[in-house]
J.: 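Dropping a structure here in structure tokens format, bear with me for questions.
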Amino acid sequence: MELNPPQQEASVYIDGPLLVIAGAGSGKTRVITTKITHLIKECGYAANSIAAVTFTNKSSREMKERVRQLIPSKASRGLTVSTFHHLGLTMLRKECKSVGLKSTFTILDSQDSCDLVKELIRDYPLEADTEAKKIQWKISSLKNDMITPEQAMANASLESDYFISKVYHRYQEHLQAYNAVDFDDLILKPVHLLQNNVDVREKWQNKLRYLLVDEYQDTNMSQYELVKLLAGVRGQFTVVGDDDQSIYAWRGARPENLMRLATDYPALKIIKLEQNYRSSKKILRSANTLIANNPHAITKNLWSDLAEGPAIQAVVCQNDEDEAKQCVSMLLHHKFNNRSKNSEYAILYRGNHQARILEKYLRESSIPYLLSGGTSFFAKTEVKDIMSYLRLLVNPEDDSAFLRVINTPRREIGTSTIQKLSNYATSRNCSLFAAIYEFGLEQTLKPKAVSKLRQFGDWLNLLSDNTKRGDLIANVRQMVRDIDYPLWCEEQSETPRKAEAKMENVDELIQWLTRMHEDQDKDTLEDCISHLALVDILEKQNEEEDDDDRVYLMTLHASKGLEFPHVFIVGMEEEILPHRSSIEEDSIEEERRLAYVGITRAQKSLTFLMAARRRIAGELRESTPSRFLDELPKDDIEWMEKGKPSQLSEEERKKRGQDHLANLKAMLTGD
DNA sequence: TGGGGTGATATTTTT
DNA sequence: TATCACCCCA
């Protein structure tokens, strides 16, 4: 398939900074990947001087894959396709000395940093009403806005803000002391480095001579700054985004960054991709009509060449149970009539809790589904355990890893021993690991406890030595054996099946390590581990499980960037789709964009569902149809009411419903 | 150490 | 109303 004229223009334009406004389904990834190959093949750019930046591991993987399809891997060797955070990490690894980090620095995940905040506010029990999660969130917001603790303290007008900035200050001090960074630092530290160090800045500007950024409307302040610093005055970059798909302002994204570019780079060229290759005319018209209710800095007229398509359905159900039931039954009907596969359907909703009831009915009808947004692979205990061992192996000073691992599996080192060890380490201002071998420890601890600790320390030292010399992966496997981890898994699981699943996860982790070790020429364990900490294997697992045919179940947020032939959006009600708090905070526009994102996921058919009554926080409440439904073109929407109580008794209806489902199932399976 | 009882809490989430 | 984190006790 050929590129259309604006796509073509965007992929060959290299005379200066370029902003591509890419409407939903307009083929932006194709433009980016084509442009990368164009830069390498036609414009003489070395692959290793090009960086394409995305937000998620998933999209960066996808982009890598698509580049691979376009040019031989030899030609793209050295090309950077990574997330913002990966790019930041790469820079930090190379420049850690300049920002006061030892090369062994570790990355705290959100759980770790939350624990750290919790620890920090423990000393202020009076202020504990604002709990750790919220404070962590605010610290993160400040960091995304590039506000230093000092600035935050100076700006704080409220007592609570002042408190938060004080915690922020201490938080940063502790990170420094731990030789650790959090996710936000992966962007922020490189930004500060490039701002303050001309040599380093020029070095990176010369290394990365062309930048491409995807989903630009999702960049926050620090990411904007990073791109700007890397691009420099030369301004050789292409950014792609869509202001109508900005749905992450609540976590610091600044969609106005799109237009800010025009100010910062007067030479900015703007190209719009307005042909949609995804949705039927009716679906696209609905999306356009809806989003026209938002103010626009950039006008855009998305059009489609595809068929008119079937009417969009809006189904009013009795209550939330009924809504889920109708949704599943309509899906089943549709599937039967169109002989389609489960994987052609997606059910989208505003909040994760809405998934539960859908799951219930999907299970009842034995429809397999894929729920996105479960516990991430790295949040699983077994993975966290092994990761902590690995982190400790790389950096024995990593206290949080030490604490997690010291008595897992059990080593008969109890809380009181650890408490004393920790006190001692604090007084000597050294790491927990270092404290094990201090002479003074014998005064506070029983000899038995000391010998247990040293036994652990000796083991770790030996393993660490072996790892430096011998085969990395073999040593990791040896470690898992040494600690009898399979046995521990069995003890921790109710069923042998679960223990097995845990060990499979451990194995998956090691396999990832192996792969990384082999193909990304990361020869040291520490490189592998720090990279691994940034990769979400869950996504990978999902993809692998994808080949069986399942209905997709996900939030509207999670659906961005995806497409499905048939889409159901449930909970089209006031206080849910414009969410209640968004109504209160007067941020309807982002909610409208969220609805827009949902609608534009659909290729062929689109169905809205709503419940006339809904259980919210245990209370049955009347609900009003979402205002967004009123904003859609009337002629394209077909309204219907379902689940009206008939003369039949509740029992009878229930039975008929089940019979109906059973019939459908029989038709489908007994085909 | 794990289970049970209790109380708070109820958007969206990636790295 | 349902879930979850947290705490305490055996």
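By convention in this document, chain letters (A, B, ...) are assigned in the order of the sequence lines, proteins followed by strands, and residues within each chain are numbered from 1.
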J.: Please name the pair of heavy atoms, one in A:Ile588 and one in A:Pro578, separated by the smallest distance, quoted to 0.1 Å.
T.: CD1-CB, 3.9 Å
J.: Does atom CD of A:Gln455 have more than 12 heavy-atom neighbours, drawn from other residues, nucleotides or ligands, at distances under 6.0 Å?
T.: no
J.: Starting at CG of A:Asp320 and ending at C1' of C:dT1, how long is that distance when rounded to a whole Å?
T.: 11 Å
J.: Which residues pass the ring pair (Phe, Tyr, Trp, His ring centres under 6.0 Å) test with A:Tyr596, sequence neighbours left out?
T.: none
J.: Between A:Ser140 and A:Asp184, is any side-chain donor less than 3.5 angstrom from a side-chain acceptor?
T.: yes
J.: In this structure, how many angstroms lie between the P atom of B:dT14 and the NE2 atom of A:His86, rounded?
T.: 16 Å
J.: Please report the distance, rounded to the nearest Å, between CG in A:Asn220 and P in B:dT15.
T.: 14 Å
J.: Expressed as a whole number of Å, how far does the C1' atom of B:dT14 sit from that of C:dT3?
T.: 24 Å
J.: Which is it for A:Lys118 and A:Gln136 under the side chain to side chain donor-acceptor pair (under 3.5 Å) test, yes or no, and what are the steps along the way?
T.: CA-CA 9 Å; A:Lys118 220 175 269 175; A:Gln136 184 206 2; over 6 Å; no
J.: Would you please indicate yes or no on a ring centroid separation below 6.0 angstrom for A:Trp250 and A:His557?
T.: yes
J.: Aromatic contact between A:Tyr552 and A:Phe564, with the criterion being ring centroids under 6.0 Å apart: yes or no?
T.: yes
J.: Rounded to whole angstrom, note down the P distance from B:dT11 over to C:dC4.
T.: 13 Å
J.: So, taking the atom named CE in A:Met387 and the one named OG1 in A:Thr106, what distance separates them when rounded to the nearest 0.5 Å?
T.: 10.5 Å
J.: Using atom names, set out every protein N or O paired with an N or O of nucleotides 8-13 of chain B below 3.5 Å, distance rounded to 0.1 Å.
T.:
residue : atom : partner  : partner atom : Å
B:dT11  : O4'  : A:His579 : NE2          : 3.3
B:dT11  : O2   : A:Arg350 : NH1          : 3.1
B:dT11  : O2   : A:Arg350 : NH2          : 2.1
B:dT11  : N3   : A:Ser581 : OG           : 3.4
B:dT11  : O4   : A:Ser581 : OG           : 3.1
B:dT12  : OP1  : A:Asn352 : N            : 2.6
B:dT12  : O4'  : A:Arg350 : NH2          : 3.2
B:dT12  : O2   : A:Trp250 : NE1          : 3.3
B:dT12  : O2   : A:Arg350 : NH2          : 2.5
B:dT12  : O2   : A:His557 : NE2          : 3.4
B:dT13  : OP1  : A:Thr555 : OG1          : 2.8
B:dT13  : OP2  : A:Asn352 : OD1          : 3.0
B:dT13  : O4'  : A:Arg251 : NH1          : 3.0

J.: Can you check whether A:Asn57 has a side-chain N or O nearer than 4.0 Å to OP1 or OP2 of B:dT15?
T.: yes
J.: Quick test: give all pairs of protein nitrogen or oxygen and nucleotides 2-8 of chain C nitrogen or oxygen below 3.5 Å, distance rounded to 0.1 Å.
T.:
residue : atom : partner  : partner atom : Å
C:dC6   : OP1  : A:Lys118 : NZ           : 3.2

